[in-house]
Structures are given as structure tokens and as C-alpha cells.
**Student:** 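Provided herewith is a single structure, encoded as C-alpha cells, for subsequent inquiry.
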Amino acid sequence: MCVTAVESRPAGVLGASQSPVHRPFGARVKAFVALTKPRIIELLLITTVPVMFLAQQGVPDLKLVLLTCVGGYLSAGGANALNMYIDRDIDALMDRTSQRPLVTGMVSPRECLAFGITLAVVSTLLFGLAVNWLSAWLSLGALLFYVVVYTMILKRRTSQNIVWGGIAGCLPVLIGWSSVTNSMSWAPIILFLVMFFWTPPHYWPLSMKVREDYARVGVPMLPVVASNKVVAKQIVIYSWVMVAVSLLLTPLGYTGWFYTAVALLAGGFWLWEAHGLQNRAKAEVTGGKLKEMRLFHWSITYVSILFLAVAVDPFLR
């Protein structure tokens, strides 16, 4: 399925070609920060820093943590800015993205492109020169995967876009480990897989909520091309695999009783919510009663709790 991008902009918004004189400095600064999607980056750092504690089996060098966080923010911010540059046509037509800086004209497309490329270059050099080059290449790989593979190739062509495109959001786990050890191990690979199987059941409930937005611009998110029953079934399948994979760290000797207990309890509640959504979908419940956003909000809490347990567990063994 190939979707052609639309070329439109809501009436009445600030034109992108308007003189910077008419765009207040403070608002411009906020707009450039918004290009980096700070709330999404917070989640990426939540998965990066705890892995550094696991790799160190204690408290890692705080300077290294700071450099990794700054590099990770700049890299992810660059990827997000380039994503907005590419998607500015459909962002203008979707309700949830209608206030993004490129749509309102607070930032011009040329400025956004230059900003994104600059962040990509600076973040790669920062990782390479101040952390290590393995982390630098992983960071650059995540950025290119998100921008090229997900945004440019998959997003508008297949309902499996978020499944494979989500790989970019899994790589910060590997970056956290490599920043400490300058190597790879099974522990970060397992946590990478946890995030891989977490991403679809995290994002699909949100896609169910904003299905009409994606349908309007021809982006074939799974909830656009499949029924709620099919989507909910897929969510349950991915959820079970995710929870099972999260429990592999302990038998392989990377974590102890504390992480295992947290993974079981948090994973059990996730499965309860996932099956609840599936039952409501089977009953053909629609609208607000479907309560799809309950799982979306819990998914963020789940990953925060799980990775906090990853950081705490070394101190309790």
C-alpha cells in the first residue's frame, strides 16, 4: 500500500515565510524545543540511564551519565525535528499535530531541516569524542532508522510501520549499556526486545483513539485498516511476548529477586489491561467506553517501573 502525501495547511495559521520580526524570540525558542519532542525523549532517557546502572552493577560515573543523556537528547531531538520536517504536510491536517511549529509557521521548513541536521552531527560527535564510538554509531543508527526507515519508507506504506519503525526507540537501551562497557551483552539485547514488543501495544491504543486523524491523511496505522477486535488481539499477543521476554534477565543471571518481582507484578497488571481491552473490543464496545487510553497510559507507567527496577536491582543482590 503506497500513500501519496497531501499538500495542505489549515487556514488562518501563521505563514512559514513570515518575517522572523513578527515571531517573538521567546516563542521561537519554545518552538525549537518543541521540535525535539521533549516528552518522547523523557521516555527514551528512562530506558537509557537504568541500563547504565545494570551495566555498572552499581552507580556509573555521573559525568558519563550526563554526557550520555545530553548526547541522547540531541540525537533523538534531531531525529524528531527531521521527522516533523518530512511529515509537515500531514501534520497540518491532523488535529493532534496541528499546533506543531512547522504547521503554525513559528519555524520555517529550512530552519527545521538545518536544526535537525545540526543536532544529528553534534550528538554523533559528542558521543564519539566524549563517550565512545560504539555509542556514537548506535545513536546515529537510531536517528537514521527513525528518519529514513520509519518516517520516509514505512509510515505511509504499511500497517506494520510502528512494529519495525519502533526499533529506533529500542536502541537507547543498547546505547546505555555501550556507554558504560563499550561492548554488547545479552542483557541489553533482552531489554531491547522488551522495548521492541512493548512499542506496538503501547502505540496502537493511541492510534485507536486518533484513528480518524490517521485515516484523513492516508497513514495506514493498524487501527485504520483493521477492526478493533483484530487490533486488540495483536495487542494481547505482543503483550504476552513482552512480559515473557522481560523475565529472561533473571535466569541468565543479570538480575535478582527484586527485578523479577516487579516484572511479574507490573507485567501481570499490563496483561489484565490488555485482555480487558480485548474483551471490550470483542463486545463491540466503541467510543469512550472502549477505554483504549487506559492501556496507553499504563504502558508508560509500566516501562518506567520496569526500568527503575533494572536500576535498583544491582543494589539488592
**Student:** Do Lys233 and Gln278 touch side chain to side chain, with heavy atoms closer than 4.5 Å?
**Tutor:** yes

**Student:** Taking the six-membered ring for Trp, are Trp164 and Phe196 closer than 6.0 Å centroid to centroid?
**Tutor:** yes

**Student:** For the CG atom of Asp87 and the CG atom of Leu93, what is their distance to the nearest 0.5 Å?
**Tutor:** 11.5 Å

**Student:** With sequence neighbours left out, which residue pairs that include part of residues 261-273 fulfil the side-chain hydrogen bond (donor to acceptor under 3.5 Å, both in side chains) condition?
**Tutor:** Ser239-Trp270, Glu273-Arg294

**Student:** Is Val29 reachable from Leu74 through a run of hydrophobic residues whose side-chain heavy atoms are each under 4.5 Å from the next?
**Tutor:** no

**Student:** Thr158 side chain to Leu154 main-chain N or O, any donor-acceptor pair under 3.5 Å?
**Tutor:** no

**Student:** Please list all pairs meeting ring pair (Phe, Tyr, Trp, His ring centres under 6.0 Å) that have one or both residues in residues 89-120, counting only residues at least two apart or in different chains.
**Tutor:** Phe32-Phe115

**Student:** For a 4.5 angstrom cut-off between non-hydrogen side-chain atoms, does Lys291 reach Leu277?
**Tutor:** no

**Student:** What's the shortest heavy-atom distance between Thr97 and Asp91, and which atoms?
**Tutor:** OG1-O, 2.8 Å

**Student:** Is the closest side-chain heavy-atom distance between Thr48 and Cys69 below 4.5 Å?
**Tutor:** no

**Student:** Looking at Ile153, is its backbone amide N or carbonyl O close enough to the side chain of Arg157 to form a donor-acceptor pair, meaning the two atoms are under 3.5 Å apart?
**Tutor:** yes

**Student:** Do the numbers put Arg88 on top of the ring of Tyr85, so that NZ or CZ is under 6.0 Å from the six-membered ring centre and no more than 45° off the axis?
**Tutor:** yes

**Student:** Walk me through whether Val163 and Thr199 qualify under side chain to side chain contact (heavy atoms under 4.5 Å, CB included).
**Tutor:** CA-CA 7 Å; Val163 175; Thr199 302; over 6 Å; no

**Student:** Would you mind reporting whether Tyr259 and Ser246 have side-chain heavy atoms less than 4.5 Å apart?
**Tutor:** yes

**Student:** Does anything in residues 33-45 pair up under side-chain hydrogen bond (donor to acceptor under 3.5 Å, both in side chains), and if so which pairs, sequence neighbours excluded?
**Tutor:** Thr36-Tyr73, Lys37-Asn83

**Student:** Over all heavy atoms of both residues, which pair between Pro200 and Pro205 is shortest? Give the atoms and the distance, please.
**Tutor:** O-CD, 4.1 Å

**Student:** Could you walk me through whether Asp89 and Arg156 pass salt bridge (Lys or Arg N to Asp or Glu O under 4.0 Å), step by step?
**Tutor:** CA-CA 12 Å; Asp89 58 336; Arg156 308 192 193 196; 2.9 Å; yes

**Student:** For Val245 and Ile190: C-alpha separation, side-chain torsions, deciding distance, then whether side chain to side chain contact (heavy atoms under 4.5 Å, CB included) applies.
**Tutor:** CA-CA 7 Å; Val245 171; Ile190 290 170; 4.1 Å; yes

**Student:** Which pairs pass side-chain hydrogen bond (donor to acceptor under 3.5 Å, both in side chains) with one or both residues in residues 249-258, sequence neighbours excluded?
**Tutor:** Ser185-Tyr254, Thr250-Thr255, Thr250-Thr260

**Student:** Decide yes or no for Leu174 and Leu171: does some side-chain heavy atom of the first lie under 4.5 Å from some side-chain heavy atom of the second?
**Tutor:** yes

**Student:** Please assess His275 against Trp240 for the test side chain to side chain donor-acceptor pair (under 3.5 Å), listing each intermediate value before the final yes or no.
**Tutor:** CA-CA 10 Å; His275 279 280; Trp240 273 99; 2.8 Å; yes

**Student:** Under the 3.5 angstrom rule, does the side chain of Ser135 hit a backbone N or O of Ser179 as a donor-acceptor pair?
**Tutor:** yes

**Student:** Kindly compute the distance separating CE (Met242) from CG (Leu247), expressed to the nearest 0.5 Å.
**Tutor:** 10.0 Å

**Student:** May I have the step-by-step check of side chain to side chain contact (heavy atoms under 4.5 Å, CB included) for Phe307 and Leu191, ending in yes or no?
**Tutor:** CA-CA 9 Å; Phe307 277 83; Leu191 290 171; 4.2 Å; yes

**Student:** Is the shortest heavy-atom distance from the side chain of Val180 to the side chain of Leu64 under 4.5 Å?
**Tutor:** yes

**Student:** In terms of hydrophobic clusters joined by side-chain contacts under 4.5 Å, are Leu82 and Ile40 together?
**Tutor:** no

**Student:** Taking only residues two or more places apart in sequence, or in another chain, which ones meet Ser139 in a side chain to side chain donor-acceptor pair (under 3.5 Å)?
**Tutor:** Ser75

**Student:** Using atom types as modelled and distance alone, determine if a side-chain donor or acceptor of Thr104 lies under 3.5 Å from a backbone N or O of Pro101.
**Tutor:** yes

**Student:** With no hydrogens and no angle check, is any side-chain donor or acceptor of Trp198 less than 3.5 Å from a backbone partner on Ser299?
**Tutor:** yes

**Student:** Taking Ile41 as the starting point, is it possible to reach Ile175 by hopping between hydrophobic residues whose side chains are less than 4.5 Å apart?
**Tutor:** no

**Student:** Is there a side-chain contact between Lys209 and Phe296 (heavy atoms, below 4.5 Å)?
**Tutor:** no

**Student:** How many angstroms lie between atom OG1 of Thr68 and atom NZ of Lys63, to the nearest 0.5 angstrom?
**Tutor:** 11.5 Å

**Student:** Treat each ILVMFWY residue as a node, draw an edge where side-chain heavy atoms are under 4.5 Å apart, and state whether Val33 and Met106 are in one component.
**Tutor:** no

**Student:** Between Gln57 and Leu54 (side chain of the first, backbone of the second, donor and acceptor by atom type, cut-off under 3.5 Å), is there such a pair?
**Tutor:** yes

**Student:** Got a sec: does the CH2 of Trp133 have more than 12 other heavy atoms crowding it under 6.0 Å?
**Tutor:** yes

**Student:** Working to the nearest 0.5 Å, report the span between OH of Tyr150 and OH of Tyr146.
**Tutor:** 6.0 Å

**Student:** Calculate, to the nearest 0.5 Å, the distance between atoms CG and OG belonging to Asn132 and Ser178 respectively.
**Tutor:** 5.5 Å

**Student:** Tell me if the CZ atom of Arg96 is crowded by more than 12 foreign heavy atoms within 6.0 Å.
**Tutor:** yes

**Student:** Check Phe145 against Ala168 and note the closest heavy-atom contact, atom names and distance.
**Tutor:** CD2-N, 4.0 Å

**Student:** Can Arg280 and Glu292 be counted as an ion pair, charged N to O under 4.0 angstrom?
**Tutor:** no

**Student:** Determine whether Leu222 and Asn161 make a side-chain contact, defined as any pair of heavy atoms from C-beta on separated by less than 4.5 Å.
**Tutor:** no

**Student:** For residues Leu134 and Ser183, report the shortest heavy-atom separation together with the two atoms involved.
**Tutor:** CD2-N, 3.6 Å

**Student:** Should Leu265 and Leu306 be counted in the same cluster of Ile, Leu, Val, Met, Phe, Trp and Tyr side chains packed under 4.5 Å apart?
**Tutor:** no

**Student:** Walk me through whether Val65 and Val49 qualify under side chain to side chain contact (heavy atoms under 4.5 Å, CB included).
**Tutor:** CA-CA 7 Å; Val65 172; Val49 176; 4.2 Å; yes

**Student:** Listed by chain and number, what are the salt bridge (charged side-chain N to carboxylate O under 4.0 Å, His left out) partners of Asp213, not counting sequence neighbours?
**Tutor:** Arg216

**Student:** Can you give me the closest heavy-atom contact between Leu45 and Pro50, atom names plus distance?
**Tutor:** O-CD, 4.0 Å

**Student:** Does any N or O in the side chain of Gln56 come within less than 3.5 Å of the main-chain N or O of Phe53, such that one atom is a donor and the other an acceptor?
**Tutor:** no

**Student:** State, to 0.1 Å, how close Cys112 and Leu35 come at their nearest heavy-atom pair, and which atoms those are.
**Tutor:** SG-CD2, 4.0 Å

**Student:** Could you check, using the six-membered ring where one of them is a Trp, whether Trp204 and Tyr238 have ring centers closer than 6.0 angstrom?
**Tutor:** yes

**Student:** Could you tell me the separation between the CG atom of Asn80 and the CG atom of Leu44, rounded to the nearest 0.5 Å?
**Tutor:** 7.5 Å

